[in-house]
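Below is one structure, written out as structure tokens; comments come after it.
Only this structure's heavy atoms are used, side chains among them; waters, hydrogens and symmetry mates stay out. Bear in mind the structure is a predicted one, so any value in this text is a computation, not a measurement.
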Amino acid sequence: MATDAHSTPLQGPFKPAPAPTTAQALTASRASHEATRPQQEPVPLALDLVELELALDLSDIADRGFCDAVRDAAMKINGEFLFDLPASGLVEDAQRIAVVCLSRDNGGRFGLVLLSAHGDRVRTAEADEATQGLVRFARAFVAVLEKL
């Protein structure tokens, strides 16, 4: 039986797959990067923080609040929102600090999400000398959760 060169495939017309979002692309890139790395070497914390920052949406913060927006962003990158609290001068130009557990491996990896004093910007950060106590508290918090 001869085939017609102009026939339509049985599956229907070609439809390109939707393009992944930046956060999805970064997560996929991170997964392939982790697959090629030795198991004992963790992904740099800075990469986890960039991924978290890309997952954050400032409009979500305005609509639903800082806590819920950070919780959703953490879930998108397979992290865990732990808590948020007023910055109380711990970080300059910040009104709130959220702590996110990025991984529970090797004692846990934690990142901070900072809401600017005017509520118009959000950024991620590693703990520094002033905020190291929050990370110690977060580690203890996760240890208690794991025992429950």
Determine whether Leu134 and Leu102 fall in the same hydrophobic cluster, where Ile, Leu, Val, Met, Phe, Trp and Tyr are linked whenever their side-chain heavy atoms lie under 4.5 Å apart.
no
Are the side chains of Cys67 and Phe81 in contact, using a 4.5 Å heavy-atom criterion?
yes
Between Arg139 and Gly108, the two heavy atoms sitting closest are NH2-O, 3.2 Å
What are the two closest heavy atoms between Ala69 and Leu56, and how far apart are they?
O-CD2, 4.1 Å
Looking at side-chain heavy atoms only, is the closest gap between Pro86 and Gln95 below 4.5 Å?
no
Val91 versus Thr131: any side-chain heavy-atom pair under 4.5 Å?
yes
Can you name the nearest heavy-atom pair linking Ile77 to Ala55, along with the distance?
CG2-CB, 4.1 Å
Verify same cluster id: Phe137, Val142 (apolar side-chain graph, 4.5 Å):
yes
Closest heavy-atom pair, Asp105 versus Ser103, reported as atoms and distance to 0.1 Å, is N-OG, 3.1 Å
To the nearest 0.5 Å, what is the distance between CZ on Phe83 and CZ on Arg71?
12.5 Å
Side chain to side chain contact (heavy atoms under 4.5 Å, CB included), paired with Arg109, selected from Asp48, Val135, Leu49:
Asp48
ILVMFWY network linking Leu85 to Leu114, side-chain heavy atoms under 4.5 angstrom
yes
Kindly check if the number of other-residue, nucleotide or ligand heavy atoms within 6.0 Å of CD (Glu146) is above 12?
yes
Honestly curious: do Leu54 and Met75 fall in one hydrophobic cluster under the side-chain, below-4.5 Å linking rule?
no
Hydrophobic cluster membership, with links at side-chain heavy-atom distances under 4.5 Å among I/L/V/M/F/W/Y: are Leu82 and Val70 in one?
no
Is there a side chain to side chain contact (heavy atoms under 4.5 Å, CB included) between Leu115 and Asp84? Walk through the geometry before answering.
CA-CA 10 Å; Leu115 181 64; Asp84 85 296; over 6 Å; no
Looking only at heavy atoms, which two atoms of Leu112 and Glu126 are closest? And how far apart?
CD1-O, 4.2 Å
Please report the interatomic distance CZ(Arg136) to CZ(Phe110), rounded to the nearest 0.5 Å.
12.5 Å
Look at atom CZ of Arg123 and say whether more than 12 heavy atoms of other residues, nucleotides or ligands are closer to it than 6.0 Å.
no
Enter the distance from Arg64:CZ to Asp72:CG here, rounded to the nearest 0.5 Å.
4.0 Å
For Ala138 and Val99, work out which heavy atoms get closest and say how close.
CB-CG1, 3.7 Å
Rounding to 0.5 Å, atoms CG (Asp57) and NZ (Lys76) come to a distance of 6.5 Å
